[in-house]
Each structure stands twice: as structure tokens, then as C-alpha cells.
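These notes are about the structure you will find just below.
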Amino acid sequence: MRRYPANPAVIVGFGALSACSPQSALSPAGDEAEKITLLSWILFAGGAAIFLLVLAALGAAIWGPGRIRRALSGDGLIRWGGIVFPVVTLSLLLGYGLWLMRETIAAPTPPELRIDVTGEQWWWRIAYQREGASPVSEANEIRIPVERDIEFTLRSNDVIHSFWVPSLGGKLDMIPGRTNRLRLRADRPGVYRGQCAEYCGGPHALMALEIVAVPQAEFDAWLAAADQQGRTVDERLARGEQLFLSAGCGACHAVRGTQAAGVIGPDLSRVGGRRFLGAATLRTTPENLAGFISDPQASKPGVLMPPFAIFSGEDMEALTAYLGSLT
Ligand code: HEC
Ligand SMILES: [Cu+2]
């Protein structure tokens, strides 16, 4: 059998990575997540205590004096330790967990913002609901104002997905034909990474998302700018837009202010302003845009976008410059 060297650098490295990971239920950045962190620690501590107790009983059963060994092998231990103890502990924990999470399920106050999130294979369709105005379509990156109660309306268009941003709160399944609601709140600005938490086929592991929490004023300005899209562009960007429209990208993608109004793929109206492409798979750079367009399978195997290896170098430059300008 091969033994792995216990390299302290590796162990310390992993420890440090997990401690500062932005996707961790143990680094909460909001009320909901704090409750879950508390519950997690209670479960860890309780689990550890029971584990030690079982080890102690095992040791006593093997090496202990005859009197203790007889007691451990009797019916009493099975009745009390095997039935009564688990039933009581698990019932108390269930009650405590439900009590702790009651506000996530039925919030007493109306939300300050509603965002619809629909699971798609393998990306996230997003719509910001606005009072007195039409919703704003987006994809994959969710902006929210800090210190506001946000209600996420979770649905699915195909199979079961699960919405989970651990630093902000619990996870909730997205089930075809059902609408689930999840309340989250970010206490401080930051980028919180999430992940589809229910296997949904193919590149499920590459179905991540980011929630970007910003101050309210910044959020309002960002959302309002959606109505001002369709700006004047320079020659190269105009060429890029024309390539985008003539290549048929608009059959699947929408860009506000253009004829492209497809709904099969992610809305690209602000794709250049997102940190990542392909549901948090690739950094948004001109090179990655070009690579994703000419061969999406290479970066996201199984993805439902066909390859477009039809563009010359110059055309691709114009196309990616255009997409990058959509912020
Ligand atoms: C048949 C439908 C279809 C066509 C046509 C299509 N795409 Fe896509 N595209 C998709 C789907 C589906 C995704 C989502 C991929 C994923 O992340 O799973 C996608 C994702 C993308 C993304 C990443 C968006 C993001 O925010 O993650 C870009 C950029 C993109 N497409 C550009 C293009 C361009 C440019 C064209 C035309 C040359 C094009 N697409 C044509 C279906 C299509
Ligand atoms: Cu999934």
C-alpha cells in the first residue's frame, strides 16, 4: 500500500484555503448563514462528544473490568443507549433546527427586493422584479444591495437544481413545476460564491454562481442603467454587433436594445460586466470569450451551446470587443 507523506505544508495549505474560501458555511456574512453556522458547530460538537463516548464504551467493553463489561453487554444499553438516547437527541435537534430556521421559511415582513432565479442546464436565469417597471433579465451573476432582505423565487425549467450560497444562507432545491422561496441578506459588501447543489447531469460541477453585494445606491444605479442600454458604439463595436446578429447568436441570446431576443441561453445584455462566463467557469477576458465561442465544449464539456469556429481572427476580436463592452 502506498503511504502518502504527511507534508505539513500541504496540510497547512489546505487549512488556510478552506478558512478563507468565499464559499463556506463556516464563514457567514448574513443572518441566515450565522444561524446555520451556529447549528453546524452544535452538530460538530455534539457529534464529537458522542463519538468519544462510543469510543470510551468500546474501550471499556474490550479492556474494562468484568462488572462494566457485563453492564455494557446487557439489554439496558440497547434500550437506553440504542433507542431512547437517539430518539430524544434527534427529536430535540429537529425541534431546535426548525425553530432556528423558522424565519427562512415564513418571513414576517415583506421582502425589500424580489429576484427570480431559474435553474437551467447548466446556468442560472435571473430576473430582477421592479415596482412599476418591467423585470430586468440577467444571468449567472446576481447583484444585491447590502443589508436588505432579498427574496429569491426559485424555479427550474428542466431537472432539479439546488440554489446554495453558503456564506449567505441555506440551500433550497429548484424543482420543476414548483416555486420555492428563500430569504437572504448580506451584512457587508463582497462577492459570495455559490454552486448548484443537486446533481443535474453533465457539467453540473461547472454550474456555479456569484452573488455580488454592493451598497444600495450603487445597486440602484446599476439596475436603472439596464434601461439605458443600446448606446452608440464605435466602428469596431458596431462590426462586432453586426457579426453577433448575423451569426445567429440572437436565436438563443438576448441583448437589450438590439434585435437579439433569444431566451434559450443566458441574457448577454451585460455579459462584459460579469466576472465570469459559463456560470462562474471562466474569467471574463477577451481570450476566454473567444475560446468559449469557438469551442464551448473545451471549457465546459456537455454545454448546450454549439461551437462557432467560423470567425476570422479580426472578426473574433470585434465580436469579443463588442461583448466585452456590454456592461
Ligand atoms: C443554440 C443556442 C445558442 C446559440 C446559437 C449560441 N449560444 Fe451562446 N450559449 C448558449 C447556452 C445554452 C449557454 C449557456 C452555457 C452554460 O454556461 O451552460 C451559452 C453561453 C454563452 C456565453 C456565456 C454567457 C455567460 O454569462 O455565462 C457567451 C458569451 C455566449 N454564449 C456567446 C454566444 C455567441 C457570441 C454566439 C453566436 C456566435 C452564441 N453564443 C450562440 C446557447 C447558444
Ligand atoms: Cu446541478
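Whatever order the structure lists ligands and atoms in, that order sets their numbers, starting from 1. No hydrogens, no waters, no symmetry mates; every other heavy atom, side chains included, goes into these values.
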Identity and separation of the nearest protein heavy atom to atom 17 (O) of ligand 1: Lys300 NZ, 2.9 Å
Close approach of Ala251 to ligand 1, heavy atoms, under 4.0 angstrom: no
Full working for salt bridge (Lys or Arg N to Asp or Glu O under 4.0 Å) between Arg274 and Glu138: CA-CA 10 Å; Arg274 298 207 260 279; Glu138 269 298 320; 3.0 Å; yes
Numbered atoms and elements of ligand 1 in range of Leu277, under 4.0 angstrom, heavy atoms: 27 (O)
salt_bridge(Asp267, Arg125) N-O dist < 4.0 Å: no
Numbered atoms of ligand 1 (with element) below 4.0 Å of Arg274, judged on heavy atoms: 25 (C), 26 (O)
Identity of the N, O or S atom of Glu198 lying closest to the Cu ion (ligand 2): O
Ligand 1 contacted by Ala279 (non-hydrogen, < 4.0 Å): yes
Verdict with reasoning, Glu210 to Arg275, per salt bridge (Lys or Arg N to Asp or Glu O under 4.0 Å): CA-CA 9 Å; Glu210 283 191 335; Arg275 290 158 43 89; 2.6 Å; yes
Metal-centred angle, the Cu ion (ligand 2) as apex - SG of Cys200, ND1 of His204, 10° resolution: 110°
Pair Ser162-Asp173, side-chain donor/acceptor within less than 3.5 Å: yes
Side chain, backbone, both or neither: Ala139 near ligand 1, heavy atoms under 4.0 Å: neither
Taking atom 41 (C) of ligand 1 as the reference point, the nearest protein heavy atom with its distance: Phe308 CE1, 3.4 Å
Residue-atom pairs from the protein, N, O or S only, that lie under 2.8 Å from atom 8 (Fe) of ligand 1: His253 NE2, Met305 SD
pair Thr89-Leu92: side-chain heavy atoms closer than 4.5 Å: no
Name of the residue among Arg188, Glu112, Arg185 meeting side chain to side chain contact (heavy atoms under 4.5 Å, CB included) with Glu147: Arg185
pair Arg178-Arg155: side-chain heavy atoms closer than 4.5 Å: no
Mutual orientation of the aromatic rings belonging to Trp41 and Phe44 [parallel < 30°, tilted 30-60°, perpendicular > 60°]: perpendicular
Side-chain touch Ile142/Phe152, heavy atoms, less than 4.5 angstrom: yes
Whether Cys196 has an N, O or S atom under 2.8 Å from the Cu ion (ligand 2): yes
Working for side chain to side chain contact (heavy atoms under 4.5 Å, CB included), residues Arg114 and Thr153: CA-CA 7 Å; Arg114 260 186 38 231; Thr153 314; 3.9 Å; yes
Proximal ligand 1 atoms for Val303, defined as those under 4.0 Å from one of its heavy atoms: 15 (C), 16 (C), 18 (O)
Best match, Leu304, Leu243, Asp267, Leu206: closest heavy atom to atom 12 (C) of ligand 1: Leu304
Test log, rule salt bridge (Lys or Arg N to Asp or Glu O under 4.0 Å), inputs Asp227 and Arg130: CA-CA 12 Å; Asp227 293 325; Arg130 298 189 291 181; 3.0 Å; yes
N or O pair under 3.5 Å between Trp123 and ligand 1: no
Whether Tyr322 and Phe244 hold their rings parallel, tilted or perpendicular, with breakpoints at 30° and 60°: tilted
Per atom 25 (C) of ligand 1, closest listed option by heavy atom (Ala260, Gly278, Gly248, Gly262): Gly278
Numbered atoms and elements of ligand 1 in range of Leu289, under 4.0 angstrom, heavy atoms: 29 (C)
Thr327 side chain near Arg270 side chain, heavy-atom distance below 4.5 Å: no
Flag side-chain contact, heavy atom, 4.5 Å: Leu38 against Ile42: yes
Atoms of ligand 1, numbered as shown, that sit under 4.0 Å from any heavy atom of Asn140: 25 (C), 26 (O), 27 (O)
